[in-house]
Amino acid sequence: MLIDRRRVLAGATALGGAAAIRPALASAQTDWHALAEDVKAQMAWSWDRYREHAWGKDEIKPVSGSFSSFPLKTHHLGLSLIEALDTLWVMGLDSRFQDGVDWVKGNFDADVDGEVSVFETSIRLVGGLLSAHHACGDAVLLAKARDLADRLLPAFATPTGMPYRFINLKTGAVREPLTSPADIATYLPEWGTLSRLTGDPKYAATARKAIVAVFERRSKLDLVATKIDVLSGKWRSRQATIGSYCDSFFEYLWDSWQLFGDAECRRMYHVCTAAILKHQQVWKDGSLWFADVDFETGVIVGTEQDELASFYGGLLAQGGAMKLGAAYTESWAKVQKRFGVLPEGYDYATAAPTQLANALRPELVDAAFTLWLIDWDQRWRDIGRVHFLAMKRWNKAEYGYTDLADVTGDPKRQADHCPGYWWSEQMKYYYLLFSDTPRFDYNRNYLSTEGNVLMGFKRPSA
Ligand code: DMJ
């Protein structure tokens, strides 16, 4: 059976179809409410450490109690704080949410003479400000999101409409035309939302032009590669992958249909997905994987899988390929079972990790949450529970949760970095997966590639 999350997400509205009604769930083994409360307690504890040791800084170092900046090299924009806001809100951590909003209103200023990644700044900061605005309706948050997007816009002034990779937030100076489908095409949900909220169509139009420009350059096999020059529009690699460099290009084709009813984006998604399933699908020992292939010949060029690709099971299921999405997620769940925490790279041909670190990643629980929204099957909650409990066991440090340098040892060796996405992604997925919170519409919602909720919050009536 093909199950389409669009029915779950859009109900009987613009996109059509009957709303899937979430059944009451019960588990004999797990007290999901208690687990959700534990997630919330971990979030509050981490926020309080950040509040005390790195307030307004971009990313805390949870082992040393220091901090580092990103996406600017030498200036802090409060990245973790902004990424955390809608997670705090949906958990009902209201005084901490308000504290964060007050910091943004009083301190967040993007007028900085420094260079940022256009992609990272958009998914994390523009998206974070928009989801915080969705949570509380504060107009200042929307104004700051718009100001930031305006500073990124000049990057798209290229002959192809595909953006440069970096831009200076103050001067608008651009750098690096050699970039990737993910860097070019991960804007439309945030920027379309900006257009919808501000009434200015330029954000959606710019983002849409870029995503279409990537699609139009696909090979005769309907595959895209990892590197492209935005000035000439020529490909600079031959490697097609569902992992790093391409992942969110596919995701945002589907999402733009899901969020805005953009039928052309849905068509492009299905063209790309059919090609991936035809040329990259590999079954090994009963597990589904996706090989890297030459984008023009389809010849396999690599069997390594990025951990980043583990989100893809959720996307496949959303797009209607439920069985394959479930199978791919189960493939990764087996690797999780083996190592406790997923390694950054894994070779399905040798069944060995290719990179030993884990950057405190959310992708597997992202897929589990997405699948659960579609069929409410208990096994997706179980994958999330295992993911959360492993993180509590291995990643917790004195000042927060940290990434790992080596997932294969016992104990696993900790590094010293809590990436901004941790605050926006897995903590939110765990909580939504376990809590049944009334603040979230489980039948009609949208979460961005960074986990930012752009549709689906339900404000409690006063
Ligand atoms: C997040 O920043 C986003 O999900 C992005 O699309 C890729 N993955 C990272 C977190 O691992």
Side-chain angles (χ1 to χ4, degrees), residues 58-59 68 70-71 77 79-80 82-87 116-131 163 165 179-191 207 210-211 214 224 226 241-256 258-259 305-315 318 329 332 335-336 341-346 355 357-370 384 387 391 395 401-404 407 415 417-430 432 446-454:
D58 286 331
E59 293 176 321
S68 53
F70 180 83
L77 293 170
L79 175 74
S80 294
I82 291 170
E83 296 228 44
L85 288 176
D86 70 332
T87 309
V116 294
S117 152
V118 181
F119 159 73
E120 298 287 4
T121 305
S122 181
I123 63 168
R124 294 163 182 250
L125 291 167
V126 176
L129 291 164
L130 285 175
S131 61
R165 197 158 165 227
T179 180
S180 71
D183 279 80
I184 292 165
T186 312
Y187 300 90
L188 192 46
E190 290 88 353
W191 292 35
I211 201 168
V214 173
V224 299
T226 53
T241 182
I242 61 159
S244 190
Y245 301 118
C246 293
D247 45 8
S248 49
F249 161 61
F250 306 122
E251 185 179 1
Y252 271 24
L253 285 174
W254 180 259
D255 287 12
S256 300
Q258 181 183 297
L259 190 54
Q305 311 280 296
D306 291 338
E307 185 282 346
L308 287 163
S310 62
F311 89 100
Y312 193 65
L315 180 60
Q318 282 180 294
T329 304
W332 280 107
V335 182
Q336 170 170 266
V341 176
L342 292 179
E344 286 290 296
Y346 177 77
Q355 298 169 60
N358 176 283
L360 199 51
R361 294 283 186 191
E363 281 75 19
L364 181 57
V365 68
D366 180 352
F369 174 57
T370 302
H387 198 274
M391 183 190 76
N395 299 71
Y401 280 85
T402 180
D403 53 2
L404 298 173
V407 301
H417 176 233
C418 181
Y421 52 75
W422 179 83
W423 303 88
S424 180
E425 295 208 55
Q426 58 261 57
M427 295 306 280
K428 187 183 292 133
Y429 305 142
Y430 299 139
L432 292 176
Y446 172 76
L447 279 76
S448 75
T449 190
E450 191 73 359
N452 287 308
V453 179
L454 299 182

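Count residues from 1 along the sequence. Counting convention: from 1, in listed order, for ligands and their atoms alike. Nothing here was measured: the structure is a model prediction, and the numbers come from that model.
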Check your understanding: Going by the angle between their ring planes, with limits at 30° and 60°, are Tyr401 and Trp422 parallel, tilted or perpendicular?
Key ->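 Rings of Tyr401 and Trp422: parallel, under 30°.
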
Point to revise | Residues that Thr241 engages under side-chain hydrogen bond (donor to acceptor under 3.5 Å, both in side chains), provided they are two or more places apart | key: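 Thr241 satisfies side-chain hydrogen bond (donor to acceptor under 3.5 Å, both in side chains) with Asp292 only.
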
Review point. Are Asp255 and Ser448 close enough that some pair of their side-chain heavy atoms sits under 4.5 Å apart?
Key: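 Asp255 does not reach Ser448 side chain to side chain.
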
Review point. Roughly how far apart are Ile184 CD1 and Arg165 CZ, rounded to 0.5 Å?
Key: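 CZ of Arg165 is found 10.5 Å from CD1 of Ile184.
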
Practice item. Would you check ligand 1 and list the protein residues that come within less than 4.0 Å of it by any heavy atom, ordered by chain and number? Key: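 Those residues closer than 4.0 Å to ligand 1 by some heavy atom are Ile123, Arg124, Leu308, Arg361, Pro362, Glu363, Tyr421, Glu425, Thr449, Glu450.
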
Review point. Does CZ belonging to Phe70 count more than 12 external heavy atoms closer than 6.0 Å?
Key: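 Yes, CZ of Phe70 has more than 12 neighbouring heavy atoms, counting only those of other groups under 6.0 Å.
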
Point to revise | Shortest non-hydrogen separation from Leu77 to Ile82 and the atoms involved | key: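 The pair with the smallest heavy-atom distance is O-CD1, 3.7 Å.
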
